[in-house]
Amino acid sequence: MPEGHTLFRLATSLRDAFAGDVVASGSPQGRFEESAAQLDGLRLLEASSRGKHLFVDFEQDRAVHVHLGLYGKFVVRAAPAPDPVGQVRWRLVSGSAYADLRGATACELVTPEARQAILDRLGPDPLDPGADPERAWARISRSRAPIGGLLMDQAVVAGVGNVYRAEVLFRHRLHPLRPGRTLRRGQFAALWEDLVVLLHDGVRAGQIRTLRPEDAAAAREASTVEHRRVKNYVYRRQGQPCLVCGATVRTEELAHRNSFWCPRCQPVFRSRAVG
DNA sequence: GTGCCATGTGAAA
DNA sequence: TTCACCTGGCACC
């Protein structure tokens with residue numbers, strides 16, 4: 001489930017399993033064979049993530065850049081490694097663990113310069129304690145583009161995907177089509193703080209859970225009707241009643257992905273003040 | 001069992 | 001604008 005929290009967890013798993021160890025590296029599938037062979041027998045130093053990008057660093061200034069894309073998987077398990085199942089692009093093996101990468105959009109050996117260039121393209125990551133949200137605000141506050149598109153732009157905020165986009169906008173009563181520059185600074189600050197909380201919760205839980213405690217009862221009730229556990233407000237709940245107000249959740253494509261929102265909780269325009 | 005859709009991105013056309 | 005990646009969950013038969 002690759003939004004930023006997934007990659008952060010994965011970096012932790014890889015670090016815990018391999019950091020400091022000499023590893024065997026190969027590509028059973030063959031597509032990463034030449035590069036994998038160059039890493040075979042080297043010491044793995046570190047694994048880290050920024051947004052949805054993962055970096056695995058080895059001695060001799062070698063690093064692998066991985067992007068899981070929509071359905072890539074990278075599993076880390078205890079040894080012994082079984083025969084590879086399916087298309088294993090990259091396999092790492094140590095005395096105590098193994099890791100298999102499948103279906104990734106990107107798996108490439110990168111120079112330190114190329115690695116840095118990837119980092120330079122990315123906006124601040126809410127999971128990064130050193131992230132500077134002002135960089136995101138500078139982009140959003142100047143843009144006529146819809147906030148629902150800006151949040152998906154990894155150069156604006158790194159790590160937010162389609163689920164977090166839908167959910168954080170719901171939690172802040174913002175319509176996805178609202179132009180970025182119509183947000184007030186305080187609204188952005190609250191949005192960012194919420195992303196920090198939600199992504200960290202995603203890291204802990206291993207899943208995206210966005211319901212506030214006060215809405216848990218409504219979610220349980222909805223689950224019996226929808227035949228699947230409801231743990232989010234609007235993501236993939238189109239046609240279902242909003243857990244807060246009961247209006248029918250809507251969907252429409254935005255930034256090449258389906259966007260979901262409640263037309264009553266998230267009006268396009270809101271009066272600036274009441275009373 | 002089959003077929004569609006999906007938490008994403010970049011290359012090819 | 002379309003395709004590639006080529007996994008996996010789930011609705012439907």
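Keep in mind it's a predicted model, so treat the numbers as computed, not measured. In what follows, chains carry the letters A, B, and so on, assigned in the order in which the sequence lines appear, proteins first and then strands, with residues in each chain numbered from 1.
Both A:L42 and A:L14 are members of a single hydrophobic cluster when ILVMFWY side chains are connected at heavy-atom separations under 4.5 Å. Cluster annotation: A:M152 and A:V157 are assigned to distinct hydrophobic clusters (Ile/Leu/Val/Met/Phe/Trp/Tyr, side-chain heavy-atom contacts under 4.5 Å, transitive).
A:Y235 comes within 4.0 angstrom of sugar-phosphate atoms only, judged by non-hydrogen atoms across all strands, and of no base. When heavy atoms are screened at a 4.0 angstrom cut-off, A:G69 is found touching base atoms of the nucleic acid.
By the 4.0 Å N-to-carboxylate-O rule, A:D21 lies too far from A:R43 to be salt-bridged with it.
Proximity note for A:T105 (side chain, C-beta onward) versus C:dC5, C:dT7, B:dT7: the nearest is C:dC5. The side chain of A:M152 lies closest to B:dG8, out of B:dG8, C:dT7, B:dT7. When the nucleotides B:dG8, C:dC5, B:dC5 are ranked by their closest atom to the side chain of A:R236, B:dC5 comes out on top. Taking every side-chain heavy atom of A:E3 into account, B:dG8 is the closest of B:dG8, C:dC6, B:dT9.
Only the P atoms considered, C:dC6 is 24 Å distant from B:dG1, to the nearest whole Å. The separation of C:dG8 from B:dG10, taken at their P atoms, amounts to 23 Å, rounded to a whole angstrom. The gap from the P atom of B:dT2 to that of C:dC5 amounts to 23 Å, rounded to the nearest Å.
Put simply, CZ on A:R228 is 12 Å from P on B:dT7, counting in whole angstrom units. Atom-to-atom, CD of A:Q29 to P of C:dC6 comes out at 5 Å; the value is rounded to the nearest Å. Note: CG (A:L101) to P (C:dG8) measures 12 Å, nearest angstrom. Residue A:L127 contributes atom CG, which lies 19 Å from atom P of B:dT7 at whole-angstrom precision. Distance A:H65 NE2 to B:dG8 C1': 12 Å, rounded to the nearest Å. Per the geometry, CG belonging to A:L70 stands 10 Å off P belonging to B:dT9, to the nearest Å. Whole-Å rounding puts the A:H256 NE2 to B:dG10 P distance at 12 Å. What separates CG of A:L122 from C1' of B:dT9 is a distance of 12 Å, to the nearest Å.
Checking A:R89 against A:E226, the closest nucleotide of DNA chain C that is more toward the 5' end is the one next to A:R89. In terms of position on DNA chain B, the residue among A:Y71 and A:R121 whose nearest nucleotide sits closer to the 5' end is A:Y71.
Between A:N258 and the phosphate of B:dA6, there is a side-chain N or O to OP1/OP2 separation shorter than 4.0 Å. Here A:K52 reaches the OP1 or OP2 of B:dT9: one of its side-chain N or O atoms lies under 4.0 Å away. Here A:H67 does not reach the OP1 or OP2 of B:dG8: none of its side-chain N or O atoms lies under 4.0 Å away.
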Show me the donor-acceptor pairs within less than 3.5 Å that the side chains of residues 30-39 of chain A make with the rest of the protein, sequence neighbours left out.
residue	atom	partner	partner atom	Å
A:Q38	OE1	A:R62	NH1	3.2

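Qualifying ring-ring contact (aromatic ring centres under 6.0 Å, His included) partners for A:H65, counting only residues two or more places apart in sequence or in other chains: A:H53, A:F55.
Residue A:D120 places its CG atom among more than 12 non-hydrogen atoms of other residues, nucleotides or ligands, all under 6.0 Å distant.
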